Amino acid sequence: MSKKRILLKVGSNTLTKETDNISRGKIEDIASQIAQLQDTCEFIIVSSGAIAVAKQFVKLESKRKPIFVKQALASIGQPHLIRIYQEIFREYGLLSSQCLLSYSDFEKEESKVNITNTINVLVNNNYIPIINENDTVATDEIKFGDNDKLGALTASLLDADLFIIATNTNGIYTKVSMENGTPATIKEVTDFRELADEIVSAKSSHGSGGMQSKIEAAEVTRKANIETWIVNGLEDNFILNAMESKVPFTKIK
């Protein structure tokens, strides 16, 4: 029986639980759910958080542009981020690996074939690839919206069955409900044009995404016939609960 391939995108806000530190508890929550689902699902993770980890250790001094400081922080934080994932995943009997990608990789046919082949070998051998932007060579990540687009491109390239974006809201809220101060989740989206009217531009505290970049990401996966779920990753068991429809979240078909 072939497993359902899920691409899970986890933003900095989810990983830090909206604090200034990476939450080991959140990574344990993710590991625990993957372990429970491993007989029926295979996971590929696109994870932000390198810059957030680095800020826990260092304060960089620089007169250069902020983007260079961010890239330097990403370079310091990335090995720590992967180490935390590996330690925690190992406790749950899960194997993990690191893949760093840049946007130019998705423009070259040869690179796309290499990425696909490598990740398929990893997944077929029960390794969970943990993907992040190769920040030291790219200025895009910081513009591209907290890895939402990277997640969508990767999901499309790897023929995922489902793309889950873990964020800090219960999916996309209707504009009216946001204006009333009583956020109500849009449960299902089939018409993208209607959705564009509902977007309220609020960005998250650590992330660079906001809801607009999640919608743009969902547009990419929709073209590849992949369903996208926007789920509140701050909650425990957010993947299992969404699968069992126990929590409000947005499904984009």
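This chain uses plain numbering: 1 for the first residue, then up along the sequence. These numbers come from a predicted model, not from an experiment.
Between Val231 and Ile239 the shortest side-chain heavy-atom distance does not fall below 4.5 Å. Counting heavy atoms from C-beta on, the side chains of Arg5 and Ile44 come closer than 4.5 Å. Taking 4.5 Å as the limit, every side-chain heavy atom of Thr250 sits out of range of all side-chain heavy atoms of Lys214. For the pair Leu150/Tyr103, a side-chain contact is recorded, criterion being any heavy-atom separation below 4.5 Å from C-beta on. Counting heavy atoms from C-beta outward, Ile172 and Met211 have side chains that approach closer than 4.5 Å. Counting heavy atoms from C-beta outward, Val123 and Lys3 have side chains that stay 4.5 Å or more apart. Leu195 places a side-chain heavy atom less than 4.5 Å from the side chain of Ile252. Looking at heavy atoms from C-beta onward, Asn13 lies out of side-chain contact with Thr167 at the 4.5 angstrom threshold.
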After noting the C-alpha distance and the side-chain angles of Lys175 and Glu179, does the key distance pass the salt bridge (Lys or Arg N to Asp or Glu O under 4.0 Å) rule? CA-CA 6 Å; Lys175 204 174 205 171; Glu179 285 159 2; 5.4 Å; no
Test Gln86 against Leu95 for side chain to side chain contact (heavy atoms under 4.5 Å, CB included), laying out the working first. CA-CA 7 Å; Gln86 288 195 310; Leu95 301 165; over 6 Å; no
Worked verdict on Glu216 versus Lys149 for salt bridge (Lys or Arg N to Asp or Glu O under 4.0 Å): CA-CA 7 Å; Glu216 286 164 14; Lys149 180 95 178 277; over 6 Å; no
Check the pair Asn237 / Asp29 against side chain to side chain contact (heavy atoms under 4.5 Å, CB included), numbers first and verdict last. CA-CA 6 Å; Asn237 286 321; Asp29 175 47; 3.9 Å; yes
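Within 6.0 Å of atom NZ in Lys187, 12 or fewer heavy atoms from other residues, nucleotides or ligands are found, so the atom counts as exposed in its surroundings. By the 6.0 Å contact criterion, CD on Glu110 is open, its count of non-hydrogen atoms from other residues, nucleotides or ligands being 12 or less. Counting heavy atoms of neighbouring residues, nucleotides and ligands inside a 6.0 Å radius, atom OH of Tyr92 exceeds 12 of them.
Under the 3.5 Å distance criterion, the side-chain polar atoms of Thr14 are matched with a main-chain donor or acceptor of Ala166. Distance alone, capped at 3.5 Å, is enough to place a donor-acceptor pair between the Gln56 side chain and the Ile22 backbone. For the pair Asn132 (side chain) and Ser47 (backbone), a donor-acceptor distance under 3.5 Å is present. Checked by atom type and distance alone, the side chain of Gln33 pairs as donor or acceptor with a backbone atom of Phe238 at under 3.5 Å. When atom types are taken as modelled, the side chain of Arg90 and the backbone of Ser96 share no donor-acceptor pair closer than 3.5 angstrom. Checking side-chain atoms of Ser48 against main-chain N and O of Asn147 turns up no donor-acceptor pair under 3.5 Å. Checking side-chain atoms of Arg222 against main-chain N and O of Glu227 turns up no donor-acceptor pair under 3.5 Å. Under the 3.5 Å distance criterion, the side-chain polar atoms of Lys9 are left unmatched by any main-chain donor or acceptor of Phe163. With Thr116 contributing its side chain and Lys112 its backbone, the two residues share a donor-acceptor pair below 3.5 Å.
Residue Leu60 comes nearest to Ala72 through the heavy atom pair CD1-CB, 3.5 Å, listed as atom of the first residue, atom of the second, then distance. Scanning both residues, Ser156 and Ala224, for their nearest heavy atoms gives OG-CB, 3.7 Å. Nearest heavy atoms, Phe192 versus Ala218: CZ-C, 3.8 Å. Between Gly49 and Leu81, the closest heavy-atom pair is C-CD2, 4.0 Å. Closest approach of Cys41 to Ile6, counting heavy atoms only: SG-CD1, 3.8 Å. The two residues Asn170 and Tyr173 make their nearest non-hydrogen contact at N-OH, 2.9 Å.
Classification of the Phe249-Trp229 ring pair by plane angle, with boundaries at 30° and 60°, yields tilted.
Here the straight-line distance linking atom OG of Ser12 with atom CG of Asp20 works out to 11.5 Å at 0.5 Å rounding. Here Lys4 contributes atom NZ and Phe43 contributes atom CZ; the two are 9.5 Å apart, rounded to the nearest 0.5 Å. A distance of 9.0 Å separates CD1 of Ile186 from CD1 of Ile230, quoted to the nearest 0.5 Å. Rounding to the nearest 0.5 Å gives a distance of 5.0 Å between CD1 of Ile128 and CZ of Phe89. To the nearest 0.5 Å, the span separating CG on Leu7 from CD1 on Ile119 amounts to 8.5 Å. Rounded to the nearest 0.5 angstrom, Gln78 CD and Ile51 CD1 are separated by 10.0 Å.
Remark: Glu87 engages Arg83 in a salt bridge, criterion side-chain N to carboxylate O under 4.0 Å.
One hydrophobic cluster, built from ILVMFWY side chains closer than 4.5 Å, cannot hold both Ile30 and Leu234; they sit in different ones. Neither Leu122 nor Leu100 shares a network with the other; the hydrophobic side chains, linked directly or stepwise wherever heavy atoms of I, L, V, M, F, W or Y lie under 4.5 Å apart, form separate groups for each. One hydrophobic cluster, built from ILVMFWY side chains closer than 4.5 Å, cannot hold both Leu158 and Val113; they sit in different ones. When hydrophobic clusters are built by joining Ile, Leu, Val, Met, Phe, Trp and Tyr residues whose side-chain heavy atoms come closer than 4.5 Å, directly or via intermediates, Ile226 is grouped together with Phe106. A single hydrophobic cluster is not seen to contain both Val176 and Val189; linkage of ILVMFWY side chains at heavy-atom distances under 4.5 Å, directly or through other members, places them apart.
Looking at residues two or more places apart in sequence or on another chain, you find no side chain to side chain donor-acceptor pair (under 3.5 Å) involving Thr169.
Donor-acceptor pairing under 3.5 Å is lacking for the side chains of Asn241 and Glu235. Between the side chains of Gln36 and Ser32, at least one donor N or O lies within less than 3.5 Å of an accepting N or O. Side-chain atoms of Asn134 and Ser102 form no donor-acceptor pair, as typed in the model, at a separation below 3.5 Å.
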